[in-house]
Amino acid sequence: MVFCNTLLKWYDLNKRELPWRKTRDPYVIWISEIILQQTRVSQGLPYFSKFIESFPSLLDLANAQEEEVLKLWQGLGYYSRARNLHYTAKCIAEKYDGIFPSNYEDILSLKGVGNYTAAAISSFAFDLSLPVVDGNVVRVLSRIFGVETPFESFSGKKKFYDLAAKLLDNKRHSEYNQAIMDFGALCCTPKIPKCESCPFVSMCIAYNTNNINKLPVKLKKIKITNRFLNYLIINHEEQFIFSKINKGIWKGMYQFPYIEVEKKINKNELFEEENWKIFFCDYKYKVIASSKVYLHKLSHQNIYATFWFINVQNLNKKNFKCVSKQELMQLPVPRLIEKFINDYKLI
DNA sequence: AACCCGTGGAG
DNA sequence: TCTCCAAGGGT
């Protein structure tokens with residue numbers, strides 16, 4: 001009880017003005033929560049504005065094409081969020097008659113909505129008494145209450161959810177949930193937290209045992225693989241070969257055809273690659289130039305990408321999807337492709 | 001359970 | 001340059 005009173009007092013003085021806090025429209029709150037998954041407010045804010053402007057209501061989103069949604073998401077990353085968002089909008093339009101579900105179980109069942117997001121929507125839009133447990137909450141609770149169990153583990157999840165539920169204010173749930181996340185984002189930050197102005201220093205176990213930098217305990221060490229992609233920039237009769245990606249992390253977006261190789265190789269080795277030969281089989285082609293090597297760092301991959309400018313004399317355009325510069329600009333592309341296009345002023 | 005998924009900013 | 005990681009979720 002002392003905890004939530006202190007927290008709410010801090011919030012009254014320090015809270016951020018954020019556009020999605022001005023509404024109780026579950027659609028708008030849902031959009032904001034999906035955008036903010038693993039994403040900083042400063043990065044997500046402009047996307048939120050664009051998104052709501054383009055799709056003011058759930059039915060606007062449901063009636064859109066997936067490509068439009070991905071185009072608006074371009075540059076934000078984790079593109080499955082955009083695909084799931086669109087899928088779920090259509091699902092709500094059909095299954096729930098366009099009315100956003102108002103109970104926790106139904107909200108949780110939506111694709112792209114997990115424990116955190118379901119609790120957030122339930123709390124912020126419908127004032128249900130559910131604690132949110134996100135990265136901020138885990139960090140704040142682990143430090144103040146000295147919880148050393150990693151949140152990723154099963155027992156860790158139970159500990160943090162139990163503790164969060166116990167601390168939840170029984171009147172101002174929604175504000176309490178906003179407060180603890182703002183507190184984590186502004187005061188109890190991952191690096192160099194502002195302990196000198198923290199209202200919980202006297203009771204904070206991490207602070208008083210000099211363990212601020214050790215909490216929260218995290219398990220996962222992700223493994224990063226290197227990939228070597230050679231994109232083929234084939235401009236034929238004012239059009240580029242440019243096709244839709246049908247699987248993987250960039251599914252639904254577009255890119256140039258590419259030849260992937262196992263390791264860093266030189267030009268002559270590349271031209272002797274089996275996949276290179278298969279791609280160009282009967283074509284008369286000439287390699288005009290190549291780009292620098294782009295290093296594109298993803299969460300699980302380092303992509304080393306080279307773009308090869310190639311002229312093909314006898315290209316059979318029926319075998320490829322070709323688009324004009326104007327069409328290309330309208331299509332959703334991963335950041336890597338966008339950077340290349342900008343660098344070479346293809347558009 | 002363990003591993004997968006983007007991008008950019010801070011330090 | 002390098003590491004960490006941010007309003008997590010799906011498989």
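Numbered from 1 within each chain, the chains take letters A, B, ... in sequence-line order.
- Of the side-chain N and O atoms in A/Arg83, none sit less than 4.0 angstrom from OP1 or OP2 of C/dG10.
- Between A/Ser153 and A/Leu298, the residue anchored closer to the 5' end of DNA chain B is A/Ser153, taking for each the nucleotide with the nearest heavy atom.
- Residue whose closest nucleotide on DNA chain B sits further toward the 5' end, between A/Tyr79 and A/Lys223: A/Lys223.
- Summarising the local packing, CZ of A/Phe340 is surrounded by more than 12 heavy atoms from other residues, nucleotides or ligands at distances under 6.0 Å.
- Taking a 6.0 Å sphere around CD of A/Glu196, one finds it holds more than 12 heavy atoms contributed by other residues, nucleotides or ligands.
- Of the two residues contacting DNA chain C, namely A/Lys191 and A/Ser32, the nearest-nucleotide position lying further toward the 5' end is that of A/Lys191.
- Place A/Glu33 and A/Leu108 on DNA chain C by their nearest nucleotides, and A/Glu33 ends up nearer the 5' end.
- Across all strands, A/Val113 comes closer than 4.0 Å only to sugar-phosphate atoms, never to a base (heavy-atom distances).
- Residue A/His300 places none of its side-chain N or O atoms closer than 4.0 Å to OP1 or OP2 of B/dC3.
- Between A/Thr39 and B/dG8 there is no side-chain N or O to OP1 or OP2 distance below 4.0 Å.
- Across all strands, A/Trp73 comes closer than 4.0 Å to no nucleic acid atom at all (heavy-atom distances).
- Scanning for ring-ring contact (aromatic ring centres under 6.0 Å, His included) contacts around A/Phe160 gives A/Phe151, with sequence neighbours left out.
- The residue A/Lys339 sits close only to the backbone: its heavy atoms come under 4.0 Å of sugar-phosphate atoms, none of a base.
- Using a 4.0 Å heavy-atom criterion, one finds that A/Ile222 contacts no nucleic acid atom at all.
- In the displayed structure, A/Tyr104 atom OH is contacted under 6.0 Å by more than 12 heavy atoms of other residues, nucleotides or ligands.
- Here C/dC2 presents its P atom at 7 Å from NZ of A/Lys297, a figure rounded to the nearest Å.
- A/Asp97 contributes no side-chain N or O that, together with a main-chain N or O of A/Ile99, makes up a donor-acceptor pair within less than 3.5 Å.
- Among the protein residues, A/Gln301 comes within range of the sugar-phosphate backbone only, with heavy atoms under 4.0 Å from sugar or phosphate atoms but none that close to a base.
- Residue-level contact check: A/Leu18 touches the bases, meaning some heavy atom is under 4.0 Å from a base atom.
- Proximity of a side-chain donor or acceptor of A/Ser142 to a complementary backbone N or O of A/Arg139 within less than 3.5 Å is detected.
- C/dG10 atom C1' lies 15 Å from atom CG of A/Leu85, rounded to whole Å.
- Side-chain nitrogen and oxygen atoms of A/Lys157 include none within less than 4.0 Å of the OP1 or OP2 phosphate oxygen of C/dG9.
- For the OP1/OP2 pair of C/dG8 and a distance below 4.0 Å, the side-chain nitrogens and oxygens of A/Arg81 include no atom meeting the criterion.
- Atom P of B/dG9 sits at a distance of 24 Å from the matching atom of C/dG9, rounded to the whole Å.
- Following rounding to the nearest Å, A/Asp134 (CG) and C/dC5 (C1') show an atom-to-atom distance of 13 Å.
- Note on A/Gly248: nothing from the nucleic acid sits closer than 4.0 angstrom, heavy atoms only.
- A sub-4.0 Å separation between OP1 or OP2 of C/dG8 and a side-chain N or O of A/Gln37 is absent.
- The C1' atoms of B/dC5 and C/dC5 are separated by 15 Å, rounded to the nearest whole Å.
- Taking atom CZ on A/Arg40 and atom P on B/dA10, their separation rounds to 8 Å, with Å as the unit.
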